[in-house]
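Please read the structure below before turning to the comments.
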Amino acid sequence: MDSRTKGKTVMEVGGDGVAVITLINPPVNSLSFDVLYNLKSNYEEALSRNDVKAIVITGAKGKFSGGFDISGFGEIQKGTRKEPKVGYISIDIITDLLEAARKPSVAAIDGLALGGGLELSMACHARISTPGAQLGLPELQLGVIPGFGGTQRLPRLVGLTKALEMILTSKPVRAEEGHSLGLIDAVVPSAELLTTARRWALDIVERRKPWISSLLKTDKLPPLGEAREILKFARGQTRKQAPNMKHPLMCLDALEMGIVSGPRAGLEKEAEVGSQVISLDTTKGLIHVFFSQRGTAKVPGVTDGGLVPRKIKKVAIIGGGLMGSGIATALILSNYPVILKEVNEKFLEAGIGRVKANLQSRVRKGSMSKEKFEKTMSLLKGSLDYESFRDVDMVIEAVIENISLKQQIFADLEKYCPQHCILASNTSTIDLNKIGERTKSQDRIVGAHFFSPAHVMPLLEIVRTNHTSAQVIVDLLDVGKKIKKTPVVVGNCTGFAVNRMFFPYTQAAMFLVERGADPYLIDMAISKFGMPMGPFRLCDLVGFGVAIATATQFIENFPERTYKSMIIPLMQEDKRAGEATRKGFYLYDDKRKAKPDPELKKYIEKARSISGGNVDPKLVKLSEKEIIEMTFFPVVNEACRVFAEGIAVKAADLDIAAIMGMGFPPYRGGIMFWADSMGSKYIYSRLDEWSKTYGDFFKPCAFLAERASKGAPLSAPVEQARSRL
Ligand SMILES: CCCCCCCCCCC[C@H](O)CC(=O)SCCNC(=O)CCNC(=O)[C@H](O)C(C)(C)COP(=O)(O)OP(=O)(O)OC[C@H]1O[C@@H](n2cnc3c(N)ncnc32)[C@H](O)[C@@H]1OP(=O)(O)O
Ligand SMILES: NC(=O)c1ccc[n+]([C@@H]2O[C@H](COP(=O)([O-])OP(=O)(O)OC[C@H]3O[C@@H](n4cnc5c(N)ncnc54)[C@H](O)[C@@H]3O)[C@@H](O)[C@H]2O)c1
């Protein structure tokens, strides 16, 4: 393959008169422009050759195609590639050349056909798939729309309601479901895929099988009035679920056009909208997230050294509380045998009970069978001592946040566990060097910081000290992948990346409220911005005990930039400690529904009198934009410090950490990406102004000041920022 080109197709014509065109672009045979243009020329050749009666399209190495090459969107966004004529690929190539051809085509789908891959197959005249293959249109998840005819062909193949479900949720279906939906014509074992597809194609030629153009099908479409009602409902739901995004509604416009005015008009609308969405900010953010998420597992100096992850056959967890039970659940769900250690029978039973409850909730929701439940639970064994730790490959400590207890446990682990065993801690704040102080095993000590609930939250912060070996990090990255977490490797410091970046967020909110802002308006503005909830609702959810413990760590470690508000401690004194006590910043009813509490004012006033601050008329009347800036720019400031200190290797890792650890809206691209969309100069100037009025809590850090002075993006690596001078 030419090193300048990205992928290709190859065509082989058999003695049976079938031309097999294979998509080749490892690792997922994505449809780059090179692949698409090659496909076009192979197709033209096949149509012009007298020895070709029919065509089969397939993908190399067990994968049909993962869709359009996503990096192509980036090239168009950056202007490094000229956009093809609108509709050139979807109408000129896929519809007029391929679907409308005089010779029939069959898609032979192995493994997966996603996005443009599935769309290409839907333009063929039949689809044969291997069992379990993933079929879907996940484009909305990337901020784009199905742009190779998917908005028109999918509803015609599976019906409008199912097509809407597949497109709006971005969730794929398996081949077997695809078969029952009418998306797939036959499911056959991998070894029979090509022969079946060839035979099917010849059967179409010989009229033994129907020659179906998906675009011309109407039998699965509801009557117009009903279709309009279905689309209206879908629009309403979309507005509610994705209020800050335009592209899902634009996608519905294309779908509707096809149903109301016919598939050709629908294709034209899809092409027009497809081209428009590429330049939306939300699309840029989501595409950045796609690549950044895959980039977190690439750690310079660690994963580029050829190290192979060792096999982790058995894991032990110490502490079966909230976190330990969640971590155990995540591990057994991915088939790791787990030993759970607790202090006594009662706590052990409670810990195992929590794991059971986590799994039972899946059984209740129908996502786990009873058999699978029993099998998964059988991987968990309880223990009250370390005897069974003699053959474990990894231990994750998740006992209460107490330094001397953790130090004792690690000293014990060194005695009982084999030499190769990884010694991990789930501590949220304690210095890992201190935890391992009483051992000689510093090279195998690492942080495995899960987020609560650990079996649900997607992020795993892997915390390395200066002594942690690269092998241990590679091993933990592999475990993270197997338990379906996105791992982010960070350095050792108070709060690591996520808690450290987001601590100022709650602090800023407390500051604003003490100076007269309305807490409920702050929560509302932040929810509208796209966070799952505002800072006050979050404090209630986490509980004031945890909030105070975390604040104490930050006050001790970063006193110069911590705002010491008394609101939470004052409420805690009155035994209102958040949602668990049904009272915090909000009041909670039996169904855990939150409502504002007029009594909150009393605590705010008392805290204000303790801090000596006054109500500031400007802060009483903050606009939503100002609320967002005053709460998130301090987060950006701290993220800059984390980046400058090398706690995170790449700014994109902080983007993923913010999205997956804190629920920062992915369509804003993550904290650093979002900050760069506003510019370092602007953020610096706002923080600088507030720090002069309100104190050092807002003071921009040296890194931010430097980048602002150069007009350099915050996310640029140091070298790149210099070169912009
Ligand atoms: C006229 C208008 C403008 C013109 C533009 C042209 C028109 C454009 C119209 C677009 C039409 C089309 O409808 C749009 C699309 O098809 S968008 C793509 C849709 N597909 C997806 O969203 C799938 C994305 N990929 C995945 O979900 C997964 O990668 C997977 C395929 C399920 C495989 O998962 P897994 O095995 O876990 O592997 P990884 O996720 O780690 O991926 C491995 C590497 O492959 C890279 N990758 C994957 N998919 C793509 C892709 N579609 N494009 C480019 N690269 C892809 C991924 O980044 C990994 O790379 P690294 O190894 O380097 O990390
Ligand atoms: N709660 C969170 O949201 C959260 C999030 C991330 C990390 N963490 C960290 O995870 C750790 C555990 O937190 P948690 O919320 O699960 O606490 P928890 O109080 O719910 O559970 C701790 C468990 O450890 C057990 N334990 C204590 N000493 C033990 C010993 N010697 N051997 C075995 N078990 C022992 C206790 O009996 C208790 O069941 C802490 O370090 C915490 O900072 C907590």
Side-chain angles (χ1 to χ4, degrees), residues 6 25-33 36 63 65-73 75-76 81-90 94 111-112 114-120 134 136-151 170 172 270-278 287 290-291 293-295 297-298 317-327 340-344 346-348 350-351 354 383-386 396-402 405-406 408-409 412 425-430 449-454 457 461 481 498-499 542-543 545-546 549-550:
K6 255 181 132 184
N25 190 13
V28 300
N29 299 323
S30 62
L31 304 173
S32 62
F33 287 105
L36 288 162
K63 282 172 184 152
S65 170
F68 182 67
D69 174 10
I70 298 165
S71 62
F73 294 121
E75 292 168 11
I76 293 172
R81 179 182 281 275
K82 203 169 163 287
E83 221 180 276
K85 180 188 83 160
V86 171
Y88 177 63
I89 298 169
S90 68
I94 293 183
L112 51 86
L114 298 174
L118 181 64
E119 294 176 283
L120 176 64
Q134 287 185 65
L137 295 182
E139 284 90 340
L140 293 194
Q141 203 168 259
L142 283 169
V144 293
I145 69 159
F148 288 165
T151 61
S170 287
E270 181 195 89
E272 176 198 323
V273 167
S275 165
Q276 288 164 355
V277 296
I278 295 177
I287 288 175
F290 177 84
F291 288 114
Q293 195 179 343
R294 280 149 185 89
K298 293 173 187 147
I317 295 172
I318 311 184
L322 177 71
M323 294 308 291
S325 58
I327 299 168
L340 185 66
K341 178 186 178 294
E342 258 294 349
V343 281
N344 58 38
K346 192 174 150 211
F347 280 70
L348 183 59
R354 273 187 279 272
S383 172
L384 296 177
D385 57 40
Y386 291 117
I396 304 175
E397 167 277 309
V399 304
I400 48 169
E401 198 75 334
N402 177 313
L405 174 62
K406 289 190 195 256
Q408 179 57 49
I409 287 174
D412 290 341
S425 172
N426 182 49
T427 178
S428 359
T429 47
I430 303 174
H449 186 220
F450 289 81
F451 292 75
S452 176
M457 291 290 279
E461 264 184 321
K481 189 170 180 191
V498 174
N499 287 346
V542 170
V546 173
T550 316

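Both counts, for ligands and for their atoms, begin at 1 and track the order of listing. All heavy atoms count here, side chains included; hydrogens, waters and symmetry mates do not. We count residues from 1, following the sequence as given.
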Exercise. Given His449 and Val498, is the side-chain contact (heavy atoms from CB on, under 4.5 Å) satisfied, shown in steps?
Worked result: CA-CA 10 Å; His449 186 220; Val498 174; 5.8 Å; no

[X]: numbered ligand 1 atoms lying under 4.0 Å from its heavy atoms:
{"X": "Ile76", "answer": "4 (C), 5 (C)"}
{"X": "Phe73", "answer": "8 (C), 10 (C), 14 (C), 17 (S)"}
{"X": "Ile70", "answer": "18 (C), 24 (C), 51 (C), 52 (N), 53 (N), 54 (C)"}
{"X": "Ser275", "answer": "2 (C)"}

Specify the protein heavy atom at minimum distance from [atom]: its residue, its atom name, and the distance to 0.1 Å.
{"atom": "atom 17 (O) of ligand 2", "result": "Ile400 CG2, 4.5 Å"}
{"atom": "atom 12 (C) of ligand 1", "result": "Glu119 OE1, 3.3 Å"}
{"atom": "atom 3 (C) of ligand 1", "result": "Glu83 CG, 3.4 Å"}
{"atom": "atom 26 (C) of ligand 1", "result": "Arg294 NH2, 4.0 Å"}
{"atom": "atom 64 (O) of ligand 1", "result": "Lys298 NZ, 2.7 Å"}
{"atom": "atom 52 (N) of ligand 1", "result": "Phe68 O, 3.0 Å"}
{"atom": "atom 24 (C) of ligand 1", "result": "Phe290 CE1, 3.5 Å"}
{"atom": "atom 56 (C) of ligand 1", "result": "Val28 CG2, 4.1 Å"}
{"atom": "atom 9 (C) of ligand 1", "result": "Phe148 CE2, 3.5 Å"}

What about [X]: any of its N or O atoms under 3.5 Å from an N or O on ligand 2?
{"X": "His449", "result": "no"}
{"X": "Met323", "result": "yes"}
{"X": "Glu397", "result": "no"}
{"X": "Arg354", "result": "no"}

Any heavy atom of [X] sitting closer than 4.0 Å to ligand 1?
{"X": "Gly150", "result": "no"}
{"X": "Lys63", "result": "no"}
{"X": "Tyr88", "result": "no"}

Closest by any non-hydrogen atom to [atom]: pick that one out of [options].
{"atom": "atom 38 (C) of ligand 2", "options": "Lys341, Met457, Glu342", "value": "Glu342"}
{"atom": "atom 54 (C) of ligand 1", "options": "Ile145, Val144, Asp69", "value": "Asp69"}
{"atom": "atom 21 (C) of ligand 1", "options": "Pro26, Pro27, Gly66", "value": "Gly66"}
{"atom": "atom 12 (C) of ligand 2", "options": "Val343, Val399, Leu322", "value": "Val399"}
{"atom": "atom 14 (C) of ligand 1", "options": "Glu270, Gln141, Glu139", "value": "Glu139"}

Problem set entry | atom 35 (P) of ligand 1 protein-contacted (non-hydrogen atom, under 4.0 angstrom) | no

Check contact between [X] and ligand 2, using heavy atoms of the residue and a distance below 4.0 angstrom.
{"X": "Phe347", "answer": "yes"}
{"X": "Val546", "answer": "no"}
{"X": "Gln408", "answer": "no"}
{"X": "Lys406", "answer": "yes"}

Exercise. Counting only heavy atoms, which portion of Pro84 has something under 4.0 Å from ligand 1: side chain, backbone, both, or neither?
Worked result: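 Contact part for Pro84 vs ligand 1: both backbone and side chain.
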
For this session: Please work out whether any backbone atom (N, CA, C, O) or any side-chain heavy atom from C-beta onward of Leu31 is under 4.0 Å from ligand 1, and answer side chain, backbone, both or neither.
Result: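 For Leu31, no heavy atom sits under 4.0 Å from ligand 1.
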
